[in-house]
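Read the structure below first, then the notes.
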Amino acid sequence: MPHAPSIQPGALAIAQPLRLGVAGGALGRTRYGGALLAARPRVQVAAIVDADTRSARAWARELGAGGAEAVFADLEALLASPLAFDALLIASPLPDRAPHIKQAALAGKPILCEIPFAATLGETDDALRTVQDAGVLLLPALWRRFDARFQQASDFVASGAVGTLRQARCHWTYPYAGAAAAEIGEENWNALLSLLACQTADACRWWLGGAQTVSADVDVQAEDALAPTGKNRQQWEAIANLIVTHARGQSTHHLARTRAGQPDERYVLTGSTGRLELIAAAPSGSTLPSLTLYRPGQRPEPLDGENAASPEPIRALLQHFAHCVQTGQTPAVTGADLRAAMEIVQAAYLSSQENLKVSLPLRVPAIAAPLPRALPFTPPA
């Protein structure tokens, strides 16, 4: 897999700002609100699409996007309006994303879209075909590709600093409530799992090459309201464990959702002569993120200084999108990368349900199968 380039879009001056339409006010505001404010004047929000027009108007005022004329109840109304905008950020609920991708592509608008694009690989493929036929740019929101320390870790691996990379271990625990849960924007465990697993699967494809097999044990939950109550509710976790064989090694993914604690996101890249530990989030409250190199017989070597001034990942994602739209540059990640990560997630569900190792690529019936949403749930003892 090609190595994603270091992204320093701020150094590339663009005379005109990118005028952005945003579809999906709730997730758009929680995940992108701060980054959109920080990206001004390079990126300016021209319109917001959301069924809750009252909330959308309040966010539009916060972003300086104008009054009621900048708010639309649906994407069709925005595309039919005379309002000028250059590109579309799709942060709408999962059922609306594939239709919104198609509408934007047919209107010739470049697209930055939340992940996953749809509930099935079949719907994803259909949307990607529409984008390809329309010849528009589509950038999936795989934000870890735009994190400076993830890029630094990839550079160290590529340089041979840990020898031949053999294994990547990913651990990501997310709380049910609080600011962290609001930012992630997904209330259902299966939707959250798809989002987190797409991010970790893509990172491991970046480091270890394409996936070949998947083995998994996934807790498939119904609505969160059916989770245990009382003391058990505070400790209950929904858990997924994935083992993925890649072209150049193996990755393991431990993904969980807990009623207690803070986000905890860590990666360990083990090679023949050392290992890298990347901590993206931790409940300890230590200075984050951090990247540390471990070699046998040597003291741990912090690698934190080089990216201190780099923009946070979602702001860097927005800046890269703006640069690609305005210059015609090919994005660092594409719809094909998201599709490959989504296939790993789909294979994980199949592996868990059938209790077997699943080979990739998936067969046609599996591609059409939706991700689980509300299967029967038995609380833990």
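- No donor-acceptor pair closer than 3.5 Å links the side chain of D125 to the backbone N or O of G122.
- A donor-acceptor pair under 3.5 Å links the side-chain atoms of S351 to the main chain of A216, judged by distance alone.
- Both V244 and L356 are part of a single hydrophobic cluster, where members link through side-chain heavy atoms under 4.5 Å apart.
- Of all non-hydrogen atoms in A153 and L269, the two that sit nearest each other are CB-CD1, 4.3 Å.
- No side-chain donor-acceptor contact under 3.5 Å links R57 to the backbone of E69.
- The main-chain N or O of G24 is never found under 3.5 Å from a side-chain atom of S92 such that the two would form a donor-acceptor pair.
- In this structure, N241 and T252 have side chains that are not in contact, with every pair of non-hydrogen atoms separated by 4.5 Å or more.
- Judged by distance alone, with hydrogens and angles left aside, the side-chain atoms of K109 form a donor-acceptor pair with the main-chain N or O of F85 at under 3.5 Å.
- Between Q250 and H246, the closest side-chain pair of non-hydrogen atoms is not below 4.5 Å.
- Cation-pi contact between R275 and Y294: present, with separation from the ring centre below 6.0 Å and deviation from the ring axis of at most 45°.
- Contact annotation: the side chain of T120 approaches that of E123 to within less than 4.5 Å [non-hydrogen atoms, C-beta and beyond].
- Under a 3.5 Å cut-off, the side chain of S272 and the backbone N or O of T164 do form a donor-acceptor pair.
- Between L291 and E277 the shortest side-chain heavy-atom distance does not fall below 4.5 Å.
- Hydrophobic clustering places V49 together with L83 (ILVMFWY residues linked when any side-chain heavy atoms are closer than 4.5 Å, directly or through intermediates).
- Annotation: E76, atom CD; neighbour count of heavy atoms from other residues, nucleotides and ligands within 6.0 Å does not exceed 12.
- Counting all heavy atoms, side chain and backbone alike, A118 lies closest to T124 at CB-OG1, 3.8 Å.
- Side-chain atoms of R97 come within 3.5 Å of backbone atoms of I115 as a donor-acceptor pair (strictly under, hydrogens ignored).
- Of all non-hydrogen atoms in A35 and E312, the two that sit nearest each other are CB-OE2, 3.4 Å.
- A donor-acceptor contact shorter than 3.5 Å is absent between the side chain of S154 and the backbone of Q151.
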Is there a side chain to side chain contact (heavy atoms under 4.5 Å, CB included) between Q103 and H100? Walk through the geometry before answering. CA-CA 5 Å; Q103 286 179 274; H100 284 175; 3.5 Å; yes
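- Among the candidates L338, V131, I90, L89, the single residue satisfying the side chain to side chain contact (heavy atoms under 4.5 Å, CB included) test with C113 is I90.
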Step-by-step side chain to side chain contact (heavy atoms under 4.5 Å, CB included) determination, V22 to Y32: CA-CA 10 Å; V22 180; Y32 293 91; over 6 Å; no
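- With hydrophobic clusters built from ILVMFWY side chains whose heavy atoms lie under 4.5 angstrom apart, L121 shares a cluster with L360.
- Ion pairing between a basic and an acidic side chain is recognised when a charged N comes within 4.0 Å of a carboxylate O; R144 and E265 show such pairing.
- Once rounded to the nearest 0.5 Å, the distance linking CG of L88 with CG of D86 reads 11.5 Å.
- Taken from CD1 in I239 to NE2 in H254, the straight-line distance is 5.0 Å, to the nearest 0.5 Å.
- Taking CZ of R149 as the start and CD1 of I279 as the end, the distance is 11.0 Å to the nearest 0.5 Å.
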Take T292 and L278 through the test side chain to side chain contact (heavy atoms under 4.5 Å, CB included) and record every step on the way to the result. CA-CA 7 Å; T292 306; L278 172 59; over 6 Å; no
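- Around CD of E62, the count of heavy atoms belonging to other residues, nucleotides or ligands within 6.0 Å exceeds 12.
- In this structure the side chain of V71 never reaches within 4.5 angstrom of the side chain of W59, judged on heavy atoms.
- Contact annotation: the side chain of L20 approaches that of L36 to within less than 4.5 Å [non-hydrogen atoms, C-beta and beyond].
- Under a hydrophobic-cluster definition in which Ile, Leu, Val, Met, Phe, Trp and Tyr are linked whenever side-chain heavy atoms come within less than 4.5 Å, directly or via other members, I344 and I243 are assigned to different clusters.
- Put simply, I314 and L37 are part of the same group of oily side chains (I, L, V, M, F, W, Y) that touch within less than 4.5 Å, one to the next.
- For N355, the CG atom is loosely surrounded, since the number of other residues' heavy atoms within 6.0 Å does not exceed 12.
- Here the closest non-hydrogen pair linking P331 and H320 is CA-NE2, 3.6 Å.
- No donor-acceptor contact under 3.5 angstrom links the side chains of Y349 and E354, judged on distance only.
- Taking the six-membered ring where tryptophan is involved, the planes of Y267 and W207 are perpendicular, since the angle between them exceeds 60° and thus also 30°.
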Go through the steps for R266 and D264 under the test salt bridge (Lys or Arg N to Asp or Glu O under 4.0 Å), then give the verdict. CA-CA 7 Å; R266 303 164 184 262; D264 188 8; 2.7 Å; yes
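- Taking CG of L317 as the start and CG of L142 as the end, the distance is 8.5 Å to the nearest 0.5 Å.
- T173 and H171 are linked by a side-chain donor-acceptor pair at a separation below 3.5 angstrom, with hydrogens and angles left out of the test.
- A distance-only check finds no donor-acceptor pair linking the side chain of S352 to the backbone of D217 [under 3.5 Å].
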Working note: E301 + R295, criterion side chain to side chain contact (heavy atoms under 4.5 Å, CB included); need CA distance, chi angles, decisive distance, verdict. CA-CA 9 Å; E301 181 182 348; R295 290 192 178 101; 3.7 Å; yes
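- Taking all atoms of both residues into account, the shortest heavy-atom contact from F72 to A47 is CE1-CB, 4.0 Å.
- Between the CZ atom of R54 and the CG atom of D52 there is a distance of 8.5 Å, given to the nearest 0.5 Å.
- Put simply, the side chain of Q326 gets close to the backbone of Q16: a donor and an acceptor are under 3.5 Å apart.
- Interatomic distance, C204 SG to Q167 CD, rounded to the nearest 0.5 Å: 9.5 Å.
- The cationic atom of R145 (NZ for Lys, CZ for Arg) lies less than 6.0 Å from the six-membered ring centre of W206 and within 45° of the ring axis.
- At a threshold of 4.5 Å between non-hydrogen side-chain atoms, the residues R169 and S251 do not count as touching.
- Looking at heavy atoms from C-beta onward, T130 lies in side-chain contact with K102 at the 4.5 angstrom threshold.
- Of all heavy-atom pairs spanning A322 and V43, the tightest one is CB-CG2, 3.9 Å.
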